[in-house]
Structure formats: structure tokens, C-alpha cells
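Letters A, B, ... mirror the listed sequences (proteins, then strands); counts begin at 1. Keep in mind the model is a prediction, meaning the values are calculated, not measured. Just the heavy atoms: all of them, side chains too, but no hydrogens, waters or symmetry mates, feed the values below.
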Amino acid sequence: MWKTVVRRFLVMIPQLFVLSLLIFIMAKFMPGDPFTGLITPETDPARIEELRQKAGFYDPWYIQYINWMGNAFQGDFGRSYTFNQPVANLIGTRALNTFWLSLLSVVLLYLLAIPLGVLAGRYQDTLLDKSIVFYSFIVYAIPTFVLGLISLFFFGYELGWFPTSGTVDINAEAGTFGYVWSKFYHLLLPAMVFAVLGTTGVIQYLRTEIIDSKTMDYVRTARAKGIPNNKVYSRHIFRNSLLPIAAFLGFTITNLLGGSIFIETIFGYQGMGQLFVQAINGRDYSVITTLVMLFGFLTLLGSLLSDIIMSIVDPRIRID
Amino acid sequence: MNNASELLTISDLHTGFSIKDTYYNAVDGVSLTLRKNEILAIVGESGCGKSTLATSIIGLHNSNKTRVIGEIKFKDLNLANLSEDKMNKVRGNDIGMIFQDPLSALNPLMRIGDQIEESLVYHTDLNQEQRKARVLELLAQVGIPNPTRTARQFPHQLSGGMRQRVIIAIAIACKPAIIIADEPTTALDVTIQAQILDLLIELQKETGAGIILITHDLGVVAEVAHRVAVMYAGQVIEEAPVNELFNNPKHPYTRSLLNSIPQANSNAERLQVIQGLVPSLINLPREGCRFAPRIPWIPAEAHEAQPALHEVAPGHLVRCTCWKHFYFQSEDEMGGIVE
Amino acid sequence: MNKKLLALLALLMAFMLFLAACNNEESATPDDGENGSETEPGTGGEEGEEGEEPASEELFPTVLENEGDAIEGGTLQAALVNDSPFQGIFSYVLYEDAYDAEIMAFASNIIFDTDGDFLLTNDGIASLEVDGEAKTATITINGDYKWSDGEPLKAEDIIQPYLIIGHPDYSGVRYDADFQNIVGAVEYHDGKADTISGIEKVDDKTVKITFNKVSPAIYSGGDGLWTSAEPSHILKDIPVAELLESDAVRVNPVTLGAFKFDKIVPGESVSLVRNENYWKGQAKLDGVVIETVPSASAAKAMETGEYDIALSFPTSAYENVKDLENVTLLGRQELYYSYLGFKLGKYNYDTSLVETDVEGSKMGDAELRKAMGYALDIEQVSEVFYFGLRERANSLIPPVFASFHDPSLEGYSYDPDMANQILDDAGYEDTDGDGLREDPNGEKLQIMLAAMAGDETQEQVINYYLQNWKEVGLDVQLATGRLIEFNTFYDKVQADDPEIDIFMGAWGTGTNPSPSGLYSKTAVYNFSRYSSDELEGLLQAIDSEEALDAEFRAKKFREWQEYMAEVSAVIPMQFRYELMPVNDRVKNWDYGYDTEFDYIDVELTADAPVK
Amino acid sequence: MAEKQTVDVEKKTPAASPPTGIQVIAREFAKDKLAMTSLLFLIVLITVIYVWSFLIDQEQLMRISLRDQMAAPGEKYWLGADKGGRDILGQLIIGARNSITIAISVTLITGIIGIAIGLITGYFGGWIDNIFMRIIDFFITIPSLMIIIVFISIVPKYTVVTFVLIMSVFLWVGTARLVRSKALSESRRDYINASKTMGTSDGVIIFKEMMPNLSSILIVEMTLNFAGNVGLETGLSYLGFGLPPSTPSLGTLVAYANDPFILENAWWNWLPASLLILLLMLAINYVGQAIRRSADARQRLG
């Protein structure tokens, strides 16, 4: 298996390379540059020209790309002009924030969606099933920011149950339990909103899978053994129905990364999604390119993770 | 044949499916008896209700959309209206079931050993070690060469024949009094088919279980069955000991079925077979002889108004009276018949 | 299906009840600022002042007085309304993010006080003496002051900012033409000198700076003069290239202000505590906590008493806070104007000169330009879309600059009849009967407008303006067919894209109102590309040495404004207000520009913000 | 179990007279009132929207009328007016037309590409699969939302057509991957092997035999895709990368809720569009379920 993992990592390299080239060229095609935003009557156009020159924006794009790549290989992903920081520093903390947010969201998502999907599939066509399906569509139809804002207003401000912005309390001492708790507490509401919004896909797929699984011959075999219904579900139907969900786990995670853009903006949560929008608006090429590549890398990692999980869960698939 | 040897008595069983709030009977008034040490074959074309009959016995139908009326007497129980919990005590324990397709009848994600062991968990008091031992014993019993290794394998690692053996092992795990085998060999190669049938016969001799063998393959029937019931459109139309049936078929349908088997020694004459298909459930004639539409050249007076099973010889039952007037059409007469 | 419909309705009802509940609390009590305000209510009437005396009335109080008894100490909770994190560069020479500046204001390193025109005075930490003939400025520290870490403030600290900005490794925008006005700055920047020859430490408290030229702008912090100090005892050992990432800037900056930095969570919150070494005394508050709050929830945060004040509060949320009982709205005019520009030439990037070609431009007819100004119903837009938080601008100098603004200018007011009249007189007639005017030669006249994309409101406003023009028979279309995203807008406007005939822009003027950067012959930002000798003369006069005389300068400013109004190459559109909602437990807050207000005076009257 | 038994019944039906797919579907709808209602609702809704939108003068509709700013629902405007005093109902109709057109186009384009590629790679396997999987892998690496945003900021003329094309370029991948994984396991089944030995052409096997068997998952996927496309468009509007203002869409309407004041005080600005999206999704889902059931039944036909 390790051979496969290593091989997959090697395959990633050309993929990421192509991706970086693509995004770099596209980013350069965007009108404006990081310094456009600095224009005020008080800024000196000559100075801005000088800075553009210094930043190499007048070089041909392939020179810029080669320079950028060369540095990237040494771990230097360039400078963010809109944040005035090395990109690596800038993304570092935010990537971690988004990672925690996604992780908690995924956990909550599955905690919520799996039971619902299983119930809907098991009690297919009952009132319970219909309500769950109905719920899943309502959730899907509600725009992210509407649900986000309403829950923020209600649970955050009106009821005061959750913090309303930021990732950690300013007074929490780093390294203490209180700090970790504060981080978690700040994550909770956005992660819950995130999880609720993501349930639809999982519920739908799981429900369909369970309904399909129920008619499988091996389920009939199991029932013919005289196994109680509950056990038939837990041992035979459920596990088999989870396969496609497991297959999409990596995909789900990367989808969450993309969806983080909305949630992070609403909850004032500093993460990569929010950063990306800012970088686009600020034409912060190095940040855009690095972020896209990071997301690409994470996606690849996610799909590898999916495959590994699948090979563990499904004996028919062995990667070696 | 006294009462004591009767394992299972089915009386006037109706199994209906709900379509648009109306129930349509796929099994319509079947009465059958299974005795100890007996292999009872149920034959018929696809859609004649034989599989439904099997699922009705073991209760694997959907209680919401299916209605079972009648009696399936097993020991002191009526399986037709047993609660799910009580039924679970019978399934796998007293009645084992063998399914048609060994490729899909095993859970792909579970080890073979675990799948066999499952029924032991619910039906026996054996502890884990004993169960493991029993699993190996069963695997050996069904003729699997390396039980220890096989027990640890997953279904996809076994061949079709091996899987069918595993399924048989599951069916006999708790030494059931009755085994229902629903087309157990249809999906297998001919050589494997023979092996599996041999295994069934052997097992039956060992355990003395009654076997209901559901099949459309008359060759199989001739080889293993003791008694045969022929089903058409939800009804048993003829029932007889195997030799009697093959030597002296009465019902037009049975005769047609038997005619469809090419005989090695017969001249290459055209087989005399009745054309047409089993009517769909919804279009089933509710009155009169259900086979009548397929033999329109037989006058209506030949049929009974309420066709019943008549004993024509000891243990040989035939439905309706049309058989007395039946003849095969000559080739000239055929052609204009649809259904 | 019916059951589902019912469920859906129930859900809707529940939702609306929730919304209703949110609204009930704020059921209209006309707010007159129960805390009392300096400005008498009623002067800011909404009617009958079109164009006559715009921009001078105070719509909002700037001072919050609170009769309540103050508690001892307490921490002020401040919301910094921002959809993205602040950069966290807490240095006046390095920061670029306005939000950083908002935070730094509490812990300021500014050494000069300013008056109502944002001109430097001598009442602050340091005083300034300008010698016009010798072209020097002398900065003197007015007393024995200390940094928040206890180190004394000395001449080196005044010089430090120059050494950073001028340094070859400095990567910000502040090394500009103004800075190069300091003698020796260029040599230092090019690495030919180790220090800036024009800056001289006279003694421990005095610094003398020699310039190439001295203009009145120096009193606005222009000409290269720097108005804040940097702690040289810390920064001098840090290479300039590494300064941006250094802890001295990002983690524990040292300050001269009322508060000093305590803790910083990068990008999201800052906690400040009282600076024991503050030269004016001890702040009454124990400290201030500033947290980033997304704009969508800013109003809600104030309503529920989460924060005491909101910095950079979005005016679009005005409706959500205007009736709150626990919050008083302070407001002031921004240093901002928006304008309608007409392309009247091109910029020659080789010669760095504006090449005006009025005759050859589609918009060359001043009558047409004026008519377009009169056709715009900016008054309604201000009222309806911006809740009166914007108003028709009469000139290119915001009224905040009281001495320079010319309130007598009429500007344009909505007058479609006048617009029609002008167009008729100028020969723009609808000759083909399609409801749209042709140019005097009978050719179809289609004017392409470039406008920046923004929020929903912006889109509707631009649409409305297009409608306004259509009502007077002018066919104005959006260049590129839609509103143009910010970056693209400036790309196109600056490049004199032939697709653009007119454009709608805005300038935040900063505290130096000198217009030469935007309207001079050499200015790239002179986007309308209009220049004339008379204009050049006025601009030069405004920044001339004679203009060190305040009255002369004010006069030239007025002349310039009148000239610009007459030429109408750029038509001022709107001034705007900014708001600061303040919770009722806050005492002694002053939001005005021209005040003696200091953060040390701020007090709280309750332990927690009023809900 | 319900599914199975219905299936058993269906199994017998065609033995008598194999009904066409349409007949099966029709019967399925006749049986399922909810699906029938949903189907009728969809047909009526879409017809009304397309016909009505023809009758609306879009330029007139998008005129700003300051007097009517934020007018509450009433006689003049049944669904009130927005900030610019423009009729919400009219915008809803035009917006729904645009959004449905976009969503249908994108769903169809991505669906066709995704299903075709998924089936082909899954069925043939081997090097074809390998090549396509590399391409798919590459597309999956791409954070599509991000690239879409970058794309949108590059495209000079941003219209419904460009929007559809941009979205389609990236969104077929998920479908293709899903279909491929299903097709892969399906292609190992007996009936496929049986068909192959009988000399049935690959095309027939793929599209006539395999596809119906995958239809359940396909329909779920397409339903979600449709709604997802509406959602994506909404989200992009929220982030400021939506359709131009002169082109109302359900997305731009829902994005009105972006302004907290409107969210709280002017529900008529955004709620109708949200509800319409919800109803559309529910209806499509119920119709999809019915189609799925009929497809399932055929599947057991062999």
C-alpha cells in the first residue's frame, strides 16, 4: 500500500505543476494588480510604478512564473502585497483555522446526516422519511448566508450562546486549556451552520443507497438467517451503504474548503476561503496561486485518503 | 405417510401484492405438504408464483404491501401470521434458505466465516469458540477443501460454486428441519450444478430435513425430487410423485413442459409446446381455468367452472378437467394464437 | 402535499415571528439623542436647501455627553467593522490598511496636534516652526515625554521614520515625490549616503529638516514632513527589510498614546491597556478591546449591546441602528467626494503630461457637460438610497475643510428643465424622433459611462442616473455593458480607454486638500485629462510659498473651486457622512474633527453595555 | 422491502406485454399522487414563467422608481418592491426564467458530458479509463469555485451564456467520477458479461443496459446538481461575482438578503425567490423519485 501512496504522491507533482501554470496565467489575465488598490490622491503614481517594477509585474509572465516557481520550491511563496506579509506566514494560520473548521464541520455533518439518512432510507415512504427528505431540501434551498446570518443573530446575539466573531478570545492564554476551549467554542456555531447546510447530499445519497441495498440478495440472505431486523440494518445494509459516502469523504472535505468562503465571511472567521476572496479582489497573485495550489493539493490528498479508506472498508478494493 | 412425518402443511395459501390499493394474488390457493426426508420440487415458468410461495413460507415479503391469507403450519405455528420476532426464531433455525444467485447472496464486506457464524449467534447457545469450530465443521461438510482459510476470506475471493456451498452451509448451520432451495443451481455451470445437487441430496440424507426445491429445470427435478408440484399462474395445477409425473403427466401445461425437454433418443421432430406467456398478475383470469386462454382450441365445456384438484391416481392431483380433452395442435393449426 | 404545505407555512410563520420580534424592540421613538447633543436639533432640515447651503449643516451630533455617573475604570468594547481581518501593522510608517490606523488611533504615535482644517498646531507633543526662506522646518519636542515602555522620547525618535521610509529596502508607497523633497533623501534611498543629509539633530529634543522647497502643504503634513515618531531605541537595530514582520510592529509595538498594546490576536482582535506614561495623564478607562466584526452583523452587534462603539460602521446599516434606544449615533462628514468626470484628453506616459483636447473630445462641449450635471437627481438618491447620509456636493473640497471650502458655490442641483433648456439652446435636438437627442450636427449621440461595481445599492443608483439622463433625452450607456469591477475600472480609466466618455469616481482626500495631485498637468490621476494654463496657475498658487499665508491660500482655493465649477470637466456629485454608533454607557466621546477630545477622558457609566 | 416487492410485481407484468419505458413511467406517476402533483406543478410553473416573462418589458421592469422603494406587498406590487422600487414579482418571473435556463443548461451539459465519460471509462476500463481518470483527477484538483471566480473576473462580457459555459467546464467532473465508480462495478455484473458474449455492441450495452441500472443514482445526482447550480449562482451573486444587475436571477434576488436590513425587514425581497427555489427542488425531487422507481423496475427485467 505504501508503494501506491508514494506513487500517487509522485503523480501529484505534474498535476500541481499544470495547475500552478494555469492559475498563474489566469491570475495575470485579471485586470489590475495589487497596487491598483493603493491609489489615493496622496499616493505618488511614480512610486507605485516603481513598486510595480520592483515586484516584476512588467516582466513577461513566464519569467514571473519561473521566478515564482523557483522560490516556491524553496518554500518561499512570494509576498502578499495586500497583506504585506510573506504568503507562507499569511496562509499558515488561516489554513489551520480552516482546517479545524472543516474538520469539526465534517464531524458534525456526519453526526447529523448519517442518522437522518439511515432513518429516511430504512423507513422509506413513511412520514419520518418524508419529513427528513423535506428537511434536506429546505436546508439545500436556504442560501448559506441567510442561514448563517439568522443563526448568528439568533444564537449569537439574541441568546448570547455563542461568540459572534473571531477565532479565539483575546484574553485566552495560548497553550492553556482555556485557549483550546475558546478556539473550539468559536468554531462551534459556524461549524454547525456548515454541517446543517451540507447534510443534503449525504442524506440523499445515503437514503438512496440504503433503499437500493435493502433489495440486495445478501440482505435477503441475512434476513433468511433469522437475524433481527435491527441487526440486518446495522451489520449488512448500513455498512454497505456507507461505501459511497466514504468514497466521497475526501471530496466532501475539499468541498467544505470551498464553501468556507461564505461561512468565514459571515462569522468573521479568518480562514482560507475568506482570504481567497480578498486576494481575488486585491489581485494578490502570489496568494491566489498559492491558495489554489494548496486547495489542489488538499483535494488530491483528500481523494487519496478516500481511496485508502475505501480499501480498508471494502475488501474488494485493494491498493497495492 | 402418517401425520407425524408431515413437516410443513400449507393450506389454501393466498399471497397478494398491493397495486393501486388492490391486492393481486401471486399465490392463489396453494395447498401443499412437505414430509420428512422428502424433496418436494415446485416447478413452473418464471412468474408462476413459485418464488413468492417460497418467500411466503419464510416470511421474507414486505408486510406493508403484501397480504398473506391461509395457513402455513409448521410444528404448532402458523407461519402465515407469525410476528416478525417469532418468525426470526424460525428462519435460519428451523427453515434454511438457499438462494439462486451465489454471486450476490453473500455480503461482499463480510468474511465468509462471520456470515456463517451469524445464524449461530442468534439461534444457538454456543460460545464463540464453539461457533468458530462449528463454522469450520460446516464448511468441511459442504465440501470446501480448506475451511480455515476460506472462513477468513471474502466472497469475491471464491468461485461461484464455492459460494453456493457457503450459502448452503449458512442454510444448514442450525440443522434446520426444512430447507428451501430457490433455484439453487440456475446460476452455476453444469458440472458445478451436479456437484451442488449431489451435496443437497447427501445433506438431506444425513439430516433428514425436508427440502422444497424450487426450479424450472425439469432435469434437476427428475434427478433429485421425490414429489413434484407444478405451478401455473399462482396455482398448483398438478402434483404427483416424481415418476408418476414424468411417466404419466396429465395437465396440458405439464405435458407441454415435459415436451419442451429435448430427448436424446427422440427423433428430431418438432417439439410440441404450447405458445404464449404466463399472464401478468393484473391480467390474471379470476374465474375458470387459468390455462384456458392458452389452449383456445380446447372447447370451453371441457373446463370446470371452478377448477379444483382431482386425485387421478394415489398422490397424483390434477386441476380442472380440461386435461381429459387436451391434444396438441398440429403445426398447421398453430400460428394465429396470441397468448 | 398538503401536509407539506402546512409544514412549510408553519416554518415561514415561525421565521417571520422571529423577525418581527427583532423589530418590535425598536419601534419608532424619534431619536433626538436623549443624551443631549451639541448641535441644536432641527437645523439639518431636509427640505428647501437644495444647492443653496449644502454640506454645512450637521446632521448628527459629534459629541456624546452622558449625565450618568461614571464607574471606576472599565474596558471599552469596540467593534471594528470589517469583512476581512486587519493587517496588524502597527506602525505609522509601514501600515497600509485603514483598519490598522483605526486601532492605532487609541495608541497614537502622532506628535502634532491639528486644527479644524487639519493643519498642524504646536499644542501636541511637538511643535513645528517653518522657515520659508531657508526652506527648513524645525521640530521641537515640547517636554519630557516617555514611550509606553518608559524610554524617553528623543530627537532620534523623530528622525527614525525618515530613515525607514527613505531606506532602499523600504517597500511601501510613502517614498514618494513629497519625500524626495527632503534634501538628501534620494541619495539615501539610492544607497549613496548613509543618512539623509537634510535631517539634522540639533539637540536631544530638536530636529531640523531642510527641504528643496517649502509650501503650505507642510502644515498638512505634506512636503515630506512626517508627523509621527517611531521608537528608535527598538527599531534602529532591526533591518528595514525585516521590519514588517518584526514583533516590534506586529506583536508588541511601543506607543506614545493614551493606551498601549497588551495582546493581539492577528487579524481579529486587539486588547489595549492604559498607558501609564501618557503625557497628558492617565486614561480613565482600564483598557480597550477592539474586535473585528463583519459588516453584516455590525448593527445587530450594537443593538444587542455587544460593543460600546463601532469603528468604520457601514452607513448602509444606518436604518438598522437609527432607532435603537441603547445607542446614540454620532456622525461627521468624511474627507470624501464623488464626482462625474468627462474625458477631455489623454495622458502621454512618455512625457508624463496631460494632453488636453477639448475640441476633439466627444464631451468637449461644456454646455452638454453642465446639462448632464443638472439632469442628475442626486438629491433623491442621497435621500432615498443613502438615507440622507450623502448629500449633493457643491465643490471639489469637502466642507470639513472649513477655511478652504467654498460654501457660496452653487454647484448643480436637480433641474431637468434647466438641463433640457441648456441642451435645446446648445443645439442638441431629437431630430429622428426616437426620444433621444442627436448632437448639433444631427449625429447620434451615445455617451459611454464607466462606473464602479459595488453593492446592490450602487447598481440601482447607477441605473437611476442612466434613467435621469434618458429623461432629458441623453443616451448614456454603460461602457462594457455592466458596472466595472474596481481594478478594471482604474485600469481602464487610467489608460484612457477609448470606450469611456464619462466616468464616475470618488476620492478620499486625506487631510491634505491640495488638489495638484489630482488636477495638475503632470498628474496621472487627473483622469479627466483636463488642463489649462489658468488651472495650472491656480494649483501652483495654492502650493506656493506665498500661500504659507493662510488667507492667500484660502483665497486661491476658492478661486480654484470656482474655476473648476466653471470649466465643468469634473462635476462634484456627493459628499458623505460617516457614522459611529455609541452605546449609552459611554461618556465623553467626541467624534468631531476639530476638538480637544482625548481618549483619556472617555468613561463608562455601567459595567456592561446597555442592551 | 417495498421496493423489492414492487419490483417482483413489475417483473411479472412485462412477461405478458413488455410496456415501453414511457408506459412504465406513466404508470409510476399515476400511482404516485405526489409525483403527479409535482410534475404538473413543474410543467405549469415553467410554462407560466416562460410565457409570462415574454410579456414583461424587462427594461420597464428594471426602471428605478424611488417612490416605491421597498414598497410592501400590496395592490400595486403583489410581492412588493426592492430598494430601487422595482417590482419583485416581475423580477421573480424573469429571474426564475434566467435561473432555470441556466440551471437546466448547466445540468444538461454537465450531465451529458459527465454521464457519457463516466459510463465509457467505467465500462471499458483499461487505458481509456486511465487517460480519462488522469484528466478527471486534474479537474478535481482544481478548486472549481475559486477558478470560476477567477474566470468571471477575466471574462470581459459576462452574460448568461458565458456563465453557463464557465460553470459547465468545471462541473461535469463530479458527475463523471460518480458515474464511473458505479459503472465500474456494474460492468463486472453478469448481465453485462452475458450481453457481451451475445455480441451486443458496446454502445448498446452502455446506454441501453447499463445506464438504466445507474439511473437511480443519476437522478439523485442530477436533482442535486440542478439545485446546486441555482445555489452556486446565488452564492456567486452574494460574493459579488453574480450576473450583471440588468439580468435578474433567483440568485440576485436571494442575495438581497445579504443586506441585514432587508433580511430582517423586507422579507418580500428575498423570501419568494428562496421559496421558489425550494419548491422547484422539491418538485424535481419527487418527479425524480418516481422516474427512479420506474427505471428500477425495468432494471429487474434483465
> Measuring from Leu298(A):CG to Leu291(A):CG, what's the distance to the nearest 0.5 Å?
Replying inline: 10.0 Å
> What residues form a salt bridge (Lys or Arg N to Asp or Glu O under 4.0 Å) with Arg94(A), not counting sequence neighbours?
Replying inline: none
>> For residues 116-128 of chain B, give me every residue with a non-hydrogen atom less than 4.5 Å from any non-hydrogen atom of chain A.
In response: Glu118(B), Ser119(B), Tyr122(B), His123(B)
>> For a quick check under 3.5 Å, do Glu206(B) and Gln141(B) share a side-chain donor-acceptor pair by atom type?
In response: yes
>> Going by the rule side chain to side chain contact (heavy atoms under 4.5 Å, CB included), which residues pair with Thr9(B) if we only count those two or more places apart in sequence or in a different chain?
In response: Glu6(B), Ser11(B), Thr33(B), Lys73(B)
>> Need one label for Gln115(B): side chain, backbone, both or neither, based on atoms under 4.5 Å from any heavy atom in chain A.
In response: both
> Of Leu199(B), Leu213(B), Thr215(B), Ile167(B), which is the lone residue that meets side-chain contact (heavy atoms from CB on, under 4.5 Å) with Pro184(B)?
Replying inline: Leu213(B)
>> Is Met87(B) close to chain A through its backbone or its side chain, or both, or neither, when contacts mean heavy atoms under 4.5 Å?
In response: neither
> What orientation do Tyr185(A) and Trp181(A) show, parallel under 30°, tilted 30 to 60°, or perpendicular over 60°?
Replying inline: parallel
> Does any heavy atom of chain A fall under 4.5 Å from the side chain of Leu106(B), the backbone, both, or neither of them?
Replying inline: backbone
>> Can you list everything that forms a side chain to side chain donor-acceptor pair (under 3.5 Å) with Asp182(B)? Sequence neighbours excluded, please.
In response: Ser51(B)
> Counting heavy-atom pairs under 4.5 Å to chain A, which of Ser104(B), Cys174(B), Ala173(B) comes out on top?
Replying inline: Ser104(B)
> Can you tell me how far OG1 of Thr148(B) sits from NZ of Lys132(B), rounded to the nearest 0.5 angstrom?
Replying inline: 12.5 Å
